[in-house]
Amino acid sequence: MNNQQDFDCLGIGLGPFNLSIAALIEESKTQLRTRFLERKPSFSWHPGLLLSDAKMQTSFLKDLVSAVDPTSPYSFLNYLVKQRKFYPFCASGQSVISRLEFSDYLAWTAHQLPNTQFDCNIQHVDYVDDQFIVHSETECYTSKDLIIGTGMQPHIPECIHDLISDQCFHASELALRAPDLTGKRIAIIGGGQTGADIFQHTFDQQFGKPEHIEWISRRPNIEQLDEGCFTDQYFMPDYVNQFYHLDQKNKHREVSHQKLASDGVTSDCLNGLYQRLYHDKYVLRNPKWWSIKPHQSLISSQYRNGEYQLDIQHGLTQQVATIKADVVILCTGFTHDLPACLEHLKPLMITDQHNRLVLSSDYCLQWKGMQNNRIYIVNSGTHNHGIAEPQLSLAAWRAAKIVNSLSQKTIYELAEEQNILDWGLDIEPQHSFASASSM
Ligand SMILES: Cc1cc2nc3c(=O)[nH]c(=O)nc-3n(C[C@H](O)[C@H](O)[C@H](O)COP(=O)(O)OP(=O)(O)OC[C@H]3O[C@@H](n4cnc5c(N)ncnc54)[C@H](O)[C@@H]3O)c2cc1C
């Protein structure tokens with residue numbers, strides 16, 4: 001250890017969610033000594049899925065700061081101006097921007113903030129004498145409070161776990177691996193946005209021309225993201241505030257109903273895909289080199305005779321078929337596991353009957369030391385704050401809530417206006433600045 005540094009609050013992980021908090025703290029001019037620690041050498045946003053033509057699911061107005069501080073220098077609009085592309089951007093008429101451009105905006109912000117640090121992989125955190133001791137490989141920091149923003153982990157289904165290799169991997173690694181798919185049989189497992197993006201880029205031969213592409217989805221069809229204006233009401237502060245106070249049974253029911261509000265494929269992506277398929281099949285009349293199979297679940301897998309053999313079961317007929325592939329790309333989602341660096345604190349955490357973390361309305365973890373030291377967690381699952389939690393839509397609002405709570409005063413006015421619908425649920429008292437006493 002070559003260094004010890006003391007902070008009021010340390011952030012662990014620097015994806016968009018902690019970045020939003022870092023940007024708001026910096027602009028708020030609080031006296032809080034903060035730093036946000038990121039293990040990567042420089043900012044990147046899901047680099048393995050930063051495919052050339054992949055688009056955002058959310059408006060660029062839902063950036064790191066604008067919803068709560070539109071005059072912040074860290075807004076997307078300021079990025080456009082500073083990068084000298086405001087007018088060309090306006091002329092492009094885009095309502096949905098590419099992930100590449102949003103990622104560039106995030107990196108532009110991350111690297112100008114004074115409270116960020118890269119190349120800092122946090123290995124473990126101890127709690128001693130009312131403070132956190134945060135260890136990276138080379139440094140040691142102490143802090144009164146923590147904000148955990150380490151994101152989600154790739155989910156690999158049990159039935160293919162043992163076959164993970166250079167030719168069978170999670171989609172989150174695709175662009176980093178940049179595999180040569182020329183002449184190969186490709187199986188894409190998973191029918192959400194990532195599955196659609198990967199199918200499209202494979203179809204477009206971004207990684208070479210495959211011999212055949214098979215896209216398998218458990219869902220009954222290739223399902224569109226519900227982007228309706230009433231659906232959007234779920235991604236507004238007053239819904240989240242009211243959702244928070246529901247009991248677990250009702251929360252579960254609500255989130256289950258809302259699956260396609262967050263997990264479908266954008267209409268923009270689906271339309272583009274459908275038109276490509278139509279052109280390939282009915283205009284060019286190419287021999288069949290792709291197939292899309294909804295209602296099919298991967299149930300077991302083997303690697304035999306130099307190929308992957310994947311058993312898939314039909315959701316309606318229960319019939320099992322085997323498909324063969326040279327490369328398997330798993331678009332099977334992400335899980336919300338507690339990061340390994342918090343293992344030492346785990347016994348101190350209070351969990352619900354499903355062993356999940358319990359958070360206050362302002363994102364404070366309920367744990368044994370919370371009277372004196374707070375641990376905020378963003379993106380920890382939908383069971384506390386609902387469907388907006390893993391999405392960018394309310395990232396700035398949540399960040400402002402956390403900054404207010406951290407500084408124990410209203411730095412950011414949160415205009416939590418009623419939305420169009422009257423949800424009829426109890427609204428939490430405003431500005432509770434929850435610590436242990438307001439849980
Ligand atoms: C491909 C993709 C596209 C998406 N597009 C959209 C979209 O258009 N709209 C939308 O609303 N949502 C979108 N989402 C969902 C969500 O907005 C993103 O997943 C978002 O990146 C979540 O941010 P995060 O800060 O929680 O985590 P992440 O972005 O995953 O960042 C976590 C960071 O923590 C770092 N870290 C982890 N452990 C440690 C450690 N021990 N020490 C130091 N650093 C650590 C990681 O290196 C990483 O940089 C998308 C998700 C994916 C996967």
Side-chain angles (χ1 to χ4, degrees), residues 10-22 35-51 54-64 96-103 105-107 110 116-125 134-137 139 141 146-155 170-175 190 192-198 201 225 227 232 234-235 261-266 268-269 331-343 363 376-382 387-396 398-399:
L10 278 175
I12 303 181
L14 196 63
F17 295 164
N18 260 358
L19 184 55
S20 176
I21 300 171
R35 191 176 290 175
F36 288 78
L37 309 169
E38 166 58 44
R39 68 179 165 203
K40 292 187 210 136
S42 59
F43 186 89
S44 57
W45 186 44
H46 296 302
L49 282 166
L50 219 48
L51 304 168
K55 297 274 196 313
M56 295 292 295
Q57 285 195 331
T58 30
S59 159
F60 57 82
L61 287 175
K62 293 175 172 176
D63 64 10
L64 296 168
V96 180
I97 64 167
S98 69
R99 254 187 242 151
L100 269 172
E101 187 164 35
F102 198 73
S103 173
Y105 153 66
L106 297 175
T116 57
Q117 182 179 336
F118 294 89
D119 242 334
C120 184
N121 186 10
I122 300 309
Q123 309 213 303
H124 65 275
V125 179
V134 176
H135 303 264
S136 73
E137 275 160 22
E139 289 179 275
Y141 310 83
L146 292 179
I147 310 179
I148 310 301
T150 46
M152 302 199 283
Q153 296 74 39
H155 169 66
H170 192 270
S172 57
E173 299 166 17
L174 179 67
Q193 181 70 56
T194 301
D197 287 335
I198 300 241
H201 284 78
L225 183 72
E227 295 168 282
D232 226 16
Y234 297 141
F235 299 91
S262 66
D263 275 357
V265 185
T266 59
D268 183 58
C269 175
C331 308
T332 41
F334 294 83
T335 56
H336 294 273
D337 300 332
L338 192 70
C341 62
L342 293 187
E343 248 345 276
Y363 302 89
Y376 296 89
I377 306 196
V378 292
N379 201 1
S380 70
T382 54
I387 190 183
E389 187 58 15
Q391 304 288 327
L392 288 164
S393 294
L394 288 179
R398 177 182 55 202

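Note that the structure is predicted; figures quoted are calculated from it, not measured. When a ligand or atom number is given, it counts from 1 through the structure's own listing order. Positions are given from 1 along the sequence.
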Assess the side chains of Asp268 and Thr266: does a donor N or O sit below 3.5 Å from an acceptor N or O? no
Where is the nearest protein heavy atom to atom 26 (O) of ligand 1: which residue, which atom, and how far? Asn379 ND2, 2.9 Å
Side chain to side chain contact (heavy atoms under 4.5 Å, CB included) with Thr150: of Ile12, Leu338, Val378, Asn18, only one passes, and it is Ile12
List ligand 1 atoms under 4.0 Å from Phe334, heavy atoms only on the residue side. 53 (C)
Look at the rings of Phe334 and His46 and say which category their plane angle falls in: under 30° parallel, 30 to 60° tilted, over 60° perpendicular. tilted
I'd like to check Leu49 versus Ile198 (side-chain heavy atoms, cut-off strictly below 4.5 Å). Are they in contact? yes
Using heavy-atom distances, let me know which of Phe36, Phe102, Trp45 sits nearest atom 5 (N) of ligand 1. Trp45
Between Thr150 and ligand 1, find which residue part has any heavy-atom pair under 4.0 Å and reply side chain, backbone, both or neither. both
At less than 4.0 angstrom from any non-hydrogen atom of Gln57, what atoms of ligand 1 do you find? 7 (C), 8 (O), 9 (N)
I want to know if ligand 1 touches Ile12 in the polar sense, i.e. an N/O pair below 3.5 angstrom. no
Check Leu37 against ligand 1 and report side chain, backbone, both or neither, counting heavy atoms closer than 4.0 Å. backbone
For atom 12 (N) of ligand 1, what's the nearest protein heavy atom and its distance? Gln391 OE1, 3.5 Å
Start with the C-alpha gap between Gln391 and Tyr234, add the side-chain angles, then the distance that decides, and say whether side chain to side chain donor-acceptor pair (under 3.5 Å) holds. CA-CA 11 Å; Gln391 304 288 327; Tyr234 297 141; over 6 Å; no
For Phe17, is at least one N or O under 3.5 Å away from an N or O on ligand 1? yes
What residue among Ile122, Asp119, Asn121 forms side chain to side chain contact (heavy atoms under 4.5 Å, CB included) with Arg39? Asn121
